[in-house]
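Notes follow the structure.
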There are 4 protein chains.
Amino acid sequence: MPKQTKKPQVTAPAPERRAEILATAAEVFAAHGYNATTVRRIADEAGMLAGSLYYHFDSKESMVDEILSAFLGELWTGYDAVLAAGLGPRETIEALVTESFREIDRHRAAVAIYQKEWRQLATQPRFQYLSDSQTRFEKAWLGTLERGVAAGVFRDGLDVRLTYRFVRDTVWVAASWYRPGGLHSPEEIARQYLSMVLDGIAVRT
Amino acid sequence: MPKQTKKPQVTAPAPERRAEILATAAEVFAAHGYNATTVRRIADEAGMLAGSLYYHFDSKESMVDEILSAFLGELWTGYDAVLAAGLGPRETIEALVTESFREIDRHRAAVAIYQKEWRQLATQPRFQYLSDSQTRFEKAWLGTLERGVAAGVFRDGLDVRLTYRFVRDTVWVAASWYRPGGLHSPEEIARQYLSMVLDGIAVRT
Amino acid sequence: MPKQTKKPQVTAPAPERRAEILATAAEVFAAHGYNATTVRRIADEAGMLAGSLYYHFDSKESMVDEILSAFLGELWTGYDAVLAAGLGPRETIEALVTESFREIDRHRAAVAIYQKEWRQLATQPRFQYLSDSQTRFEKAWLGTLERGVAAGVFRDGLDVRLTYRFVRDTVWVAASWYRPGGLHSPEEIARQYLSMVLDGIAVRT
Amino acid sequence: MPKQTKKPQVTAPAPERRAEILATAAEVFAAHGYNATTVRRIADEAGMLAGSLYYHFDSKESMVDEILSAFLGELWTGYDAVLAAGLGPRETIEALVTESFREIDRHRAAVAIYQKEWRQLATQPRFQYLSDSQTRFEKAWLGTLERGVAAGVFRDGLDVRLTYRFVRDTVWVAASWYRPGGLHSPEEIARQYLSMVLDGIAVRT
DNA sequence: TATGAATGAGCGTTCATTCAT
DNA sequence: TATGAATGAACGCTCATTCAT
């Protein structure tokens with residue numbers, strides 16, 4: 001049996017280490033909360049001493065910053081593509097929800113952190129972009145819902161603001177229980193979720 | 001001579017001050033998170049010094065404990081009444097959701113704390129009851145949903161576990177934006193929410 | 001033999017503790033430098049733990065701040081009295097120098113800190129007043145020297161700027177070796193110093 | 001075959017790089033203080049990484065050590081020549097002061113470091129030579145002053161110890177404001193300074 | 001009941017130094 | 001010669017908690 005093709009490198013290549021640490025940090029932040037997570041804990045899980053983290057990062061804060069902005073960057077790439085596609089209101093909602101669950105699948109930890117911490121973090125100028133993103137998010141959803149009501153594809157008299165809040169929260173809160181590689185693919189979860197929101201769980205009488 | 005079981009004349013516990021402090025603490029916990037809230041901050045808002053809180057409470061932990069268990073106590077009083085009423089599945093769901101929004105109305109801060117902190121807190125034995133409550137909660141909802149599917153009032157093939165999670169999270173997360181005395185009464189919010197979950201937002205074709 | 005009149009107080013009265021700690025801190029700062037002095041060291045010498053200092057003071061920085069501004073406050077009270085007295089140039093110089101050595105006598109530690117640290121500290125906005133003081137100081141001395149040259153009591157052609165620097169530094173640097181209660185009173189030191197600066201050490205030929 | 005005593009082709013110590021780094025370090029130490037200067041800062045200004053300094057030097061401490069001992073070496077070469085020249089007291093003082101200002105001109109940074117840090121550093125055995133130098137310095141000046149008083153060229157009753165301290169401090173403290181290549185040559189500054197110390201600034205009446 | 005003062009553990013961060021490459 | 005990555009001790013500071021008064 002041939003030896004594994006593990007390269008004879010003694011130490012891991014440089015820029016990957018950052019990403020490793022960041023992934024570790026994201027997991028710990030997601031599991032225990034940003035404030036409750038100590039840099040010593042992150043360092044432990046990354047197999048180094050607390051001080052060594054500061055060779056790679058400026059501060060604990062800049063770690064969450066990097067985690068969250070990377071996630072939001074990818075999220076908006078996906079969202080913008082959907083919003084630019086010229087779909088109908090129902091199809092836009094379907095695409096946004098599906099895209100959201102895909103992001104949860106790919107950035108579970110980041111989404112969980114985002115969901116739990118954005119309100120506290122956004123008070124600092126450095127995290128202004130969290131509020132900005134929230135605003136854009138609201139505009140995209142609210143606009144689509146209103147368009148749908150106007151077009152007669154969503155119920156007349158729908159409280160779009162209330163609906164937006166329900167939909168937004170339910171989607172993101174899924175990051176708190178979703179486990180990648182579990183029974184349901186992101187697309188399957190999106191399908192079920194959309195079926196509930198669009199058509200309800202009650203049998204039509 | 002038997003030892004007195006109570007000496008209410010020497011150290012009157014002044015139950016009103018306790019309640020005041022507890023209400024203050026709940027607001028601060030809800031606004032800034034449990035970990036990020038210092039006892040000094042609570043004391044400040046209560047008009048006393050940090051050390052003085054310890055005359056009334058054992059610890060910061062016992063403050064959240066009291067806040068959360070008081071809330072859960074009332075919640076289960078309401079839920080148990082609903083579950084014991086022998087309603088049909090759809091009516092049970094409607095009653096549970098309405099009861100939940102009423103609790104959010106009355107215990108907004110406690111619900112927000114519960115929603116944000118229960119996972120961390122539940123790791124400690126003292127907060128075992130949070131997990132227990134979660135389990136009972138799950139049983140009540142899951143049972144009702146299954147009963148509804150069996151009775152043909154909810155869609156056949158509904159993933160009840162997934163539905164439960166969606167419903168649960170959306171209801172409680174409302175505590176993060178709900179403001180008592182705002183435009184919507186709890187009953188109105190419940191109605192809108194139930195309309196969405198039961199019948200969907202799409203126009204039936 | 002009667003017992004000492006030590007009052008039966010168990011703990012020291014409140015506001016004096018601040019002053020005690022401040023005096024201790026000043027000594028340690030003067031002896032080892034501001035940067036090299038740890039708050040633990042100050043706390044040790046004050047008979048408490050490092051964290052306890054923060055009950056009395058905001059930060060290590062605010063300790064030096066208080067030390068230096070108290071010193072400069074008193075210094076300028078003395079200087080302003082001299083400058084307002086309408087003395088001749090020579091008498092003004094004599095009074096300023098005497099006043100300076102008196103301040104060194106009363107605030108030896110503060111003067112030593114000032115002398116050693118002002119340049120670094122003054123880069124921070126909080127210590128702007130150190131630069132301001134330096135400027136006023138320069139104005140007072142330079143003005144007096146120029147007045148003296150114009151009045152013919154100081155040598156014609158004297159480089160007043162150079163003279164100012166020499167005089168300023170020599171006076172303050174004395175704080176690094178002066179020990180209150182030593183052989184020389186502040187007034188005696190001032191007298192000797194003035195004799196050197198005004199009339200020189202050489203025998204007139 | 002005898003082992004080579006030197007292999008200049010393999011690890012040439014490149015003495016110029018050392019000197020460059022040392023000059024850089026001296027500037028930074030002088031500008032910001034020894035303690036407040038990080039090796040990273042020195043490395044930055046020298047165009048390398050912090051760790052790389054340790055190829056050239058054992059430690060931060062050995063950098064100041066080299067800076068200060070080089071300066072003192074040259075200083076004493078000059079002083080010893082003056083002291084061995086058999087000059088009269090006044091001429092000796094003049095020559096020592098002039099020599100001192102020349103050293104400030106050539107080793108401004110080193111003198112500034114010396115002036116600011118010698119007391120702290122001298123507590124370590126490694127820097128014993130700083131105290132030794134101080135002692136020799138004191139002896140040379142004190143002896144000359146006493147000789148001058150005995151010879152009747154300096155005032156009778158002069159407190160030589162006090163005078164020594166004033167003179168010493170004023171000379172060295174000039175390093176904190178002196179800028180080589182400025183308006184005044186070292187010799188000019190020495191002349192002005194000597195005029196002040198020897199004959200005073202007051203007009204003789 | 002509440003205060004004033006302190007404790008002590010732990011936190012995020014800095015920094016001189018090491019060392020394999 | 002120099003780099004990149006890490007170490008480990010220490011630092012300034014925070015905070016829940018204690019306790020004599």
Side-chain angles (χ1 to χ4, degrees), chain A residues 9-15 17-18 21 35-43 46-61 63, chain B residues 10-14 17-18 35-43 46-63, chain C residues 9-15 17-18 21 35-43 46-61 63, chain D residues 10-14 17-18 35-43 46-63:
Chain A
Q9 61 197 3
V10 179
T11 56
R17 197 64 220 265
R18 259 186 86 86
I21 295 172
N35 277 317
T37 298
T38 71
V39 297
R40 272 159 182 90
R41 176 75 186 266
I42 297 171
M48 48 173 33
L49 291 177
S52 309
L53 288 175
Y54 290 81
Y55 179 78
H56 301 278
F57 301 96
D58 278 353
S59 62
K60 183 182 163 183
E61 213 175 80
M63 290 187 221
Chain B
V10 177
T11 52
R17 195 84 180 95
R18 262 185 86 85
N35 277 316
T37 298
T38 68
V39 296
R40 180 122 87 198
R41 176 75 185 265
I42 297 171
M48 48 172 38
L49 292 181
S52 310
L53 287 175
Y54 289 81
Y55 178 80
H56 301 280
F57 301 96
D58 279 355
S59 63
K60 183 181 164 185
E61 215 175 76
S62 70
M63 289 187 224
Chain C
Q9 62 198 4
V10 180
T11 55
R17 196 66 219 266
R18 261 186 86 86
I21 296 171
N35 278 317
T37 298
T38 71
V39 297
R40 272 159 181 90
R41 177 73 186 265
I42 297 171
M48 47 173 33
L49 291 178
S52 310
L53 287 175
Y54 290 81
Y55 178 79
H56 301 279
F57 302 96
D58 278 354
S59 62
K60 181 181 164 184
E61 214 175 79
M63 289 188 221
Chain D
V10 177
T11 53
R17 195 83 180 97
R18 262 186 86 86
N35 276 317
T37 298
T38 68
V39 296
R40 179 121 89 198
R41 177 73 185 266
I42 298 170
M48 48 173 35
L49 291 181
S52 310
L53 287 175
Y54 289 80
Y55 178 81
H56 300 280
F57 301 96
D58 280 354
S59 64
K60 183 181 163 183
E61 216 176 75
S62 71
M63 290 188 222

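Quick note on labels: first sequence line is chain A, next is B, and so on, each numbered from 1. Just so you know, these numbers come straight off a predicted model, no measurement behind them.
Phosphate contact (OP1/OP2 of E/dA6, side-chain N/O of C/R17, threshold under 4.0 Å): present. Phosphate proximity of E/dA2 to B/Y55: absent, as no side-chain N or O sits under 4.0 Å from OP1 or OP2. The side chain of C/H56 contributes no N or O atom lying less than 4.0 Å from OP1 or OP2 of E/dG4. The side chain of C/Y54 contributes an N or O atom lying less than 4.0 Å from OP1 or OP2 of F/dC13. Applying the 4.0 Å criterion to OP1 and OP2 of E/dT7, one finds that C/S52 has a side-chain N or O inside that range.
In this structure, F/dA16 forms a base pair with E/dT7, meeting either the Watson-Crick or the G-U wobble geometry with both donor-acceptor distances under 3.5 Å. Across all strands shown, the partner of E/dG12 is F/dC11, judged by Watson-Crick or G-U wobble contacts whose two distances both fall under 3.5 Å.
Taking OG of B/S52 as the start and CE of B/M48 as the end, the distance is 5.0 Å to the nearest 0.5 Å.
For C/A36 and A/A50, each mapped to the nucleotide of DNA chain F holding its nearest heavy atom, the one lying further toward the 5' end belongs to A/A50.
Listed nucleotides E/dT1, E/dT17, E/dG8 differ in distance to C/L49; the shortest reach to its side chain belongs to E/dG8. Of the listed nucleotides (F/dC13, E/dA16, E/dG12), F/dC13 has the atom at the smallest distance from the side chain of C/K60.
Between the side chain of A/R40 and the base of E/dG12, a donor-acceptor pair under 3.5 Å is found.
Residue A/T37 is classed as a sugar-phosphate contact, given heavy-atom separations below 4.0 Å to backbone atoms only.
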